[in-house]
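Everything on this sheet refers to the single structure shown next.
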Amino acid sequence: MIKTEICEMLGIKYPVFQGGMAWIADGRLAAAVSEGGGLGIIASGNAPASYVREQIRIARALTKKPIGVNIMLMSPFADEVAAVVAEEKVDAVTTGAGNPSKYMKEWKEAGIKVIPVVASVAVAKLVERRGADAVIAEGGESGGHVGELTTMVLVPQICDAVKIPVIAAGGIADGRGVAAAFMLGAKGVQLGTRFLSATECNIHPTYKEKILKANDLCTMVTGKRLGHPVRSLRTKFAQDYSKAEYGGMPDDELERLAVGALRLAVQEGDNDKGCFLAGQIAAMVKKEQPAAEIVKEIMDEAEPILRGGAKWIE
Ligand code: TUI
């Protein structure tokens with residue numbers, strides 16, 4: 001059994017987080033992951049605080065185990081969601097796409113473990129100084145908003161730069177990825193794309209099907225010109241967006257094109273106007289299965305590898 005300080009810190013069986021995927025990671029998915037011994041995380045995305053409160057209560061009704069909430073810091077509702085998580089006293093808060101320092105005191109006073117997602121050494125050191133309990137080092141293999149560096153180079157550099165535990169994210173979908181992350185110094189892992197195939201994941205069937213049929217080159221990054229690079233499936237929409245981006249479409253028109261695209265993918269499975277966020281590891285997501293089974297399976301796969309799976313060493 002793999003036990004790390006992350007298990008102890010949060011009172012969870014396995015050091016596995018389910019990523020806070022906007023529009024996707026709701027109370028039901030988070031509860032299923034937590035029931036399975038990992039940390040289920042409700043995504044707030046661009047949703048108002050009332051939605052987040054409702055999802056926390058849904059999760060709490062389904063599990064007594066610890067749950068987390070992810071706050072997307074670029075959201076217009078970030079301030080009010082930050083207050084709601086403190087009121088509801090969730091067990092952990094993860095943050096994405098920015099610097100959470102201004103909320104740190106409020107969350108720590110509420111007894112919440114604060115675990116920001118970072119994509120650089122500088123931001124990892126900054127949030128450690130501000131009192132973060134751990135950091136999630138997310139490489140650009142991940143789906144959604146991406147940084148510059150890959151998981152392979154980011155994780156060891158952040159492990160060397162901070163004393164708090166590091167959770168690796170980006171490009172991990174099975175036990176081999178988990179084992180690799182631990183070898184780089186991580187004390188936990190966060191998976192997003194793999195959980196898209198969870199039975200309890202409430203995305204449109206078209207979205208699930210696209211993930212299950214994905215190949216190695218099936219994702220691309222758009223949005224660099226506006227400063228918000230986002231990795232998604234290489235659909236016609238993503239390719240058209242990319243052409244518009246590099247073809248000189250004005251910023252406001254580009255922004256209008258992107259508005260609502262995430263919801264259209266998740267809820268309507270809209271092939272023409274939807275933005276299907278996914279990580280580069282999508283091709284390794286092979287079947288639909290319960291979230292709890294995913295959590296156990298990846299850790300059961302990782303354990304023998306970490307115990308000495310390199311049979312070619314004499
Ligand atoms: O946040 C994510 N992934 C996301 S957020 C999202 S919703 C969205 N909608 C429209 C445009 C962009 C996003 C979909 N996927 N991952 C965590 C993450 N955080 N990756 C990188 C970072 C990050 C980047 C810069 C964290 C901190 C940071 O600090 C810069 C600063 O402000 O100091």
Side-chain angles (χ1 to χ4, degrees), residues 17-25 41-47 51-52 68-78 81 93-104 114-130 132 134-151 153-155 158 161-162 166-172 189-193 195-196 203 207 219 221-233 237-238 241 245 251 254-266 274-280 282:
F17 292 10
Q18 155 256 312
M21 302 167 282
W23 286 103
I24 297 172
I41 297 179
I42 294 163
S44 60
N46 276 319
Y51 167 85
V52 180
V69 170
N70 173 263
I71 303 189
M72 213 278 280
L73 294 167
M74 292 188 320
S75 162
F77 301 109
V81 175
V93 167
T94 66
T95 61
N99 174 359
S101 295
K102 70 170 174 167
Y103 306 117
M104 218 76 117
V114 183
I115 312 182
V117 178
V118 299
S120 69
V121 168
V123 179
K125 286 166 92 165
L126 184 146
V127 296
E128 179 181 47
R129 279 199 302 277
R130 298 283 189 274
V135 284
I136 302 171
E138 187 183 89
E141 297 94 321
S142 68
H145 182 72
V146 287
E148 280 292 327
L149 300 176
T150 60
T151 302
V153 301
L154 186 66
V155 172
I158 292 187
V162 299
V166 176
I167 292 128
I172 305 170
V189 289
Q190 174 168 283
L191 286 71
T193 304
F195 285 109
L196 292 177
I203 54 177
Y207 200 151
T219 74
V221 174
T222 54
K224 268 199 172 161
R225 204 189 88 199
L226 296 184
H228 304 304
V230 165
R231 182 178 298 286
S232 67
L233 292 180
F237 174 79
Y241 190 93
E245 193 175 7
D251 288 5
L254 267 181
E255 263 163 34
R256 246 178 302 171
L257 205 57
V259 168
L262 218 53
R263 190 196 69 77
L264 283 174
V266 174
C275 176
F276 295 80
L277 299 185
Q280 286 184 316

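We use all heavy atoms of the structure for the numbers below, so side chains are in, but hydrogens, waters and symmetry mates are not. Ligands are counted one by one from 1 in listed order, and the atoms in each one are counted from 1 as well.
The two residues Ser101 and Leu126 have their closest heavy-atom pair at OG-CD2, 3.5 Å. Heavy atoms only, all atoms of each residue included: Asn46 and Phe77 are closest at O-CD1, 3.3 Å.
A donor-acceptor pair under 3.5 Å is absent between the side-chain atoms of Glu138 and the main chain of Gly170, judged by distance alone. A donor-acceptor pair under 3.5 Å is absent between the side-chain atoms of Arg231 and the main chain of Gln280, judged by distance alone. At least one donor-acceptor pair closer than 3.5 Å links the side chain of Glu245 to the backbone N or O of Arg225.
For ligand 1, the protein residues placed under 4.0 Å by at least one non-hydrogen atom are Met72, Met74, Gly96, Ala97, Gly98, Asn99, Val117, Ala119, Val123, Glu138, Gly144, His145, Val230, Leu277.
Not counting sequence neighbours, the partners of Leu233 by the side-chain contact (heavy atoms from CB on, under 4.5 Å) test are Lys210, Ile211, Cys218, Thr219, Thr235, Phe276, Ala278.
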